[in-house]
Amino acid sequence: MRTMGAMDLHAPILRWYDETARELPWRGPSASAWSVMVSEFMLQQTPVARVLPVHEHWLDRWPTPADLAAEATGEAVRAWGRLGYPRRALRLHAAATAIVEHHGGEVPDSYTDLIALPGIGDYTAAAIATFAHGRRHVVLDTNVRRVLARTVGGAELPGPSVTKAERETATELLPEDPPTAATWSVAVMELGALVCTATGPSCGACPVADLCAWRAAGYPAYDGPPRRAQAWAGTDRQCRGRLLAVLRDTEGAVHQSRLDAVWPDDTQRLRCLEGLVEDRLVVRTGAGRYALP
DNA sequence: TATTCGTGGTC
DNA sequence: TGACCAAGAAT
């Protein structure tokens with residue numbers, strides 16, 4: 001059962017997207033499936049503005065999956081730069097290798113083949129199948145979840161995990177025609193990214209403000225389970241970032257003393273270095289010497 | 001299901 | 001100014 005309000009969302013949002021959408025290198029008919037796939041890896045938990053220059057360099061250097069697969073994994077980690085979560089670079093490299101080995105070097109077009117690749121979960125598989133290949137899938141990312149939570153659900157923010165009801169709502173709203181479904185998904189994502197933002201939404205610029213259940217309810221505050229703030233200072237993540245930055249910015253191997261200099265806590269630094277080696281982001285090349293793989 | 005995993009911008 | 005957050009995935 002769908003609400004009358006939900007049905008009316010389509011035309012305004014599609015029109016808004018047509019008039020407002022950003023031109024991004026991975027959008028449009030000229031973008032390759034590989035370009036879309038690279039963008040989806042980079043955009044996982046990372047804003048568009050920071051992805052743009054790295055994506056451009058990446059596609060220039062490795063125009064196809066085979067080009068990346070032929071490189072050392074450490075070059076992928078280095079080219080990843082400061083996007084964060086560098087294991088994504090490793091997974092993208094591994095996915096490119098699997099594409100060469102099992103898919104003739106072409107990015108798969110089915111959700112099933114895509115989600116079997118490293119680094120690809122439900123969202124990314126649906127996004128690549130939809131935006132690179134025109135398949136019809138529910139694309140449920142944080143933007144879509146927030147827009148639907150507000151417009152349909154009347155809540156400020158979605159809960160911590162995707163619920164069955166949420167997926168059903170998204171499924172019912174997905175247009176039947178595959179090309180329209182693809183545009184709808186990217187349009188809702190764009191609305192969430194530019195207007196229906198997590199904090200300080202621009203409801204005055206929203207094409208469906210007059211249909212929004214959250215607005216109609218008087219903007220009730222989020223009342224779900226409290227979400228834990230992401231700790232940063234002093235964490236292993238910060239330490240790992242420091243260590244990897246040294247290796248990224250160095251050609252070849254570095255002596256351990258270089259790593260000692262960027263983190264004072266010996267126990268934590270050694271633990272993090274071991275973790276990086278375990279994760280295959282770093283290799284030990286000799287006694288007290290480390291490098292990118 | 002709950003944690004872990006980078007980095008930098010915003011208000 | 002520090003809390004919050006950004007096209008998630010893996011375990």
Side-chain angles (χ1 to χ4, degrees), chain A residues 17 21-22 24-27 31 35-55 77 80-92 94-95 114-132 137-148 156-163 170 182 185-194 196-202 221-222 225-248 262-263 271-272 275-276 278-282:
Chain A
Y17 180 75
R22 295 168 292 182
L24 300 173
W26 48 86
R27 285 183 186 162
S35 174
V36 173
M37 177 171 161
V38 171
S39 80
E40 292 301 341
F41 271 73
M42 292 182 172
L43 288 164
Q44 290 168 3
Q45 300 286 282
T46 307
V48 167
R50 298 205 355 246
V51 165
L52 279 169
V54 182
H55 179 272
V77 173
W80 197 256
R82 307 183 71 80
L83 283 183
Y85 294 142
R87 290 191 289 195
R88 291 181 293 166
L90 244 35
R91 291 170 184 156
L92 181 52
L114 285 164
I115 203 169
L117 295 172
I120 297 186
D122 170 71
Y123 162 75
T124 303
I128 296 172
T130 297
F131 303 138
H137 288 279
V138 171
V139 178
L140 212 46
D141 81 321
T142 186
N143 287 306
V144 175
R145 293 190 63 213
R146 185 175 56 253
V147 170
L148 297 186
E156 180 185 17
L157 296 169
S161 56
V162 177
T163 65
S185 290
V186 73
V188 177
M189 289 171 65
E190 189 81 338
L191 186 65
L194 298 183
C196 194
T197 50
T199 60
S202 306
Y222 175 74
R227 6 166 106 203
R228 178 165 294 162
Q230 309 177 55
W232 175 243
T235 61
D236 282 6
R237 289 158 76 185
Q238 186 185 30
C239 180
R240 286 166 58 106
R242 291 260 187 93
L243 296 174
L244 200 59
V246 172
L247 297 175
R248 249 194 339 253
V262 299
W263 198 263
R271 177 176 73 241
C272 288
L276 288 168
E278 179 71 18
D279 290 343
R280 307 274 185 173
L281 284 163
V282 171

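Order of the sequence lines sets the chain letters (A, B, ...), proteins ahead of strands, with each chain counted from 1.
- Think of the region where chain A sits on DNA chain C: with heavy atoms and a 4.0 Å cut, that region ends 5' and 3' at C/dC4 to C/dA10.
- Applying the 4.0 Å criterion to OP1 and OP2 of B/dT7, one finds that A/R237 has every side-chain N and O outside that range.
- In this structure, A/Q238 contributes its side chain and A/G234 its backbone to a donor-acceptor pair below 3.5 Å.
- Residue-level contact check: A/R146 touches the backbone only, with heavy atoms under 4.0 Å from sugar-phosphate atoms and none from bases.
- Counting any heavy atom pair closer than 4.0 Å across all strands shown, A/G121 reaches sugar-phosphate atoms only and no base atom.
- Following rounding to the nearest Å, A/R271 (CZ) and B/dT4 (P) show an atom-to-atom distance of 11 Å.
- For the pair A/R145 (side chain) and A/L140 (backbone), a donor-acceptor distance under 3.5 Å is absent.
- DNA chain C is contacted by both A/A193 and A/A229; A/A229 maps to the nucleotide lying nearer its 5′ end (nearest heavy atom per residue).
- One atom, CD of A/Q230, and another, P of B/dG8, lie 14 Å apart when rounded to the nearest Å.
- Between A/R82 and B/dG9 there is no side-chain polar atom (N or O) within less than 4.0 angstrom of OP1 or OP2.
- The interatomic distance linking A/L83 (CG) with B/dG8 (P) rounds to 10 Å, in whole Å.
- Remark: A/R271 pairs with A/D236 by the side-chain hydrogen bond (donor to acceptor under 3.5 Å, both in side chains) rule, at least two apart or across chains.
- At the heavy-atom level, A/P160 lies nowhere under 4.0 Å from the strands shown.
- Residues forming a side-chain hydrogen bond (donor to acceptor under 3.5 Å, both in side chains) with A/Q44 (at least two apart in sequence, or on another chain): A/T124.
- Contacts of A/I128 with the nucleic acid, taken as non-hydrogen atoms under 4.0 Å apart, are absent.
- Distance check on atom C1': C/dT1 versus C/dC5 gives 16 Å, rounded to whole Å.
- Residue A/T197 is the one, among A/A125 and A/T197, whose nearest nucleotide of DNA chain C lies closer to the 5' end (criterion: closest heavy atom).
- Between A/L157 and A/A198, the closest heavy-atom pair is CD2-O, 4.3 Å.
- Within 4.0 Å of A/W80, counting heavy atoms only, lies no atom of the nucleic acid at all.
- Residue contacts shown for A/I120 are limited to sugar-phosphate atoms, with no base heavy atom under 4.0 Å away.
- Counting to the nearest Å, the P atom of B/dT4 and the CZ atom of A/R240 are 12 Å from each other.
- Looking at heavy-atom distances under 4.0 Å, A/A49 makes no contact with the nucleic acid at all.
- For B/dT1 and C/dT11, the C1' atoms lie 11 Å apart once the distance is rounded to whole Å.
- Remark: C1' of B/dT7 and CH2 of A/W232 are 6 Å apart, rounded to the nearest angstrom.
- For B/dT7, its base sits under 3.5 Å from the side chain of A/R50 at one donor and acceptor pair at least.
- Between A/L244 and A/V77, some side-chain heavy-atom pair lies under the 4.5 Å cut-off.
- One can place CD of A/Q238 at 16 Å from P of B/dT4, the figure rounded to the nearest angstrom.
- The backbone N or O of A/I120 lies less than 3.5 Å from no partner atom in the side chain of A/R91, so there is not a single donor-acceptor pair.
- Both A/R228 and A/G241 lie close to DNA chain B; mapped to their nearest nucleotides by heavy-atom distance, the more 5′-ward contact belongs to A/R228.
- Look at the P atom in both B/dT4 and C/dA7: the space between them is 23 Å, to the nearest Å.
- For A/E278 and B/dT4, the CD to C1' distance is 15 Å, given to the nearest whole Å.
- The interatomic distance linking A/Y85 (OH) with B/dT3 (C1') rounds to 11 Å, in whole Å.
- The backbone N or O of A/C272 lies less than 3.5 Å from no partner atom in the side chain of A/R240, so there is not a single donor-acceptor pair.
- The P atoms of C/dA9 and B/dG8 are separated by 23 Å, rounded to the nearest whole Å.
- A/D279 comes within 4.0 angstrom of no nucleic acid atom, judged by non-hydrogen atoms across all strands.
- Using a 4.0 Å heavy-atom distance criterion, A/T142 is classed as a sugar-phosphate-only contact.
- A donor-acceptor pair is defined here as one N or O able to donate and one able to accept, closer than 3.5 Å; no such pair exists between the side chain of A/H55 and the backbone of A/V48.
- Mapping A/L244 and A/T199 onto DNA chain B by nearest heavy atom places A/L244 closer to the 5' end of the strand.
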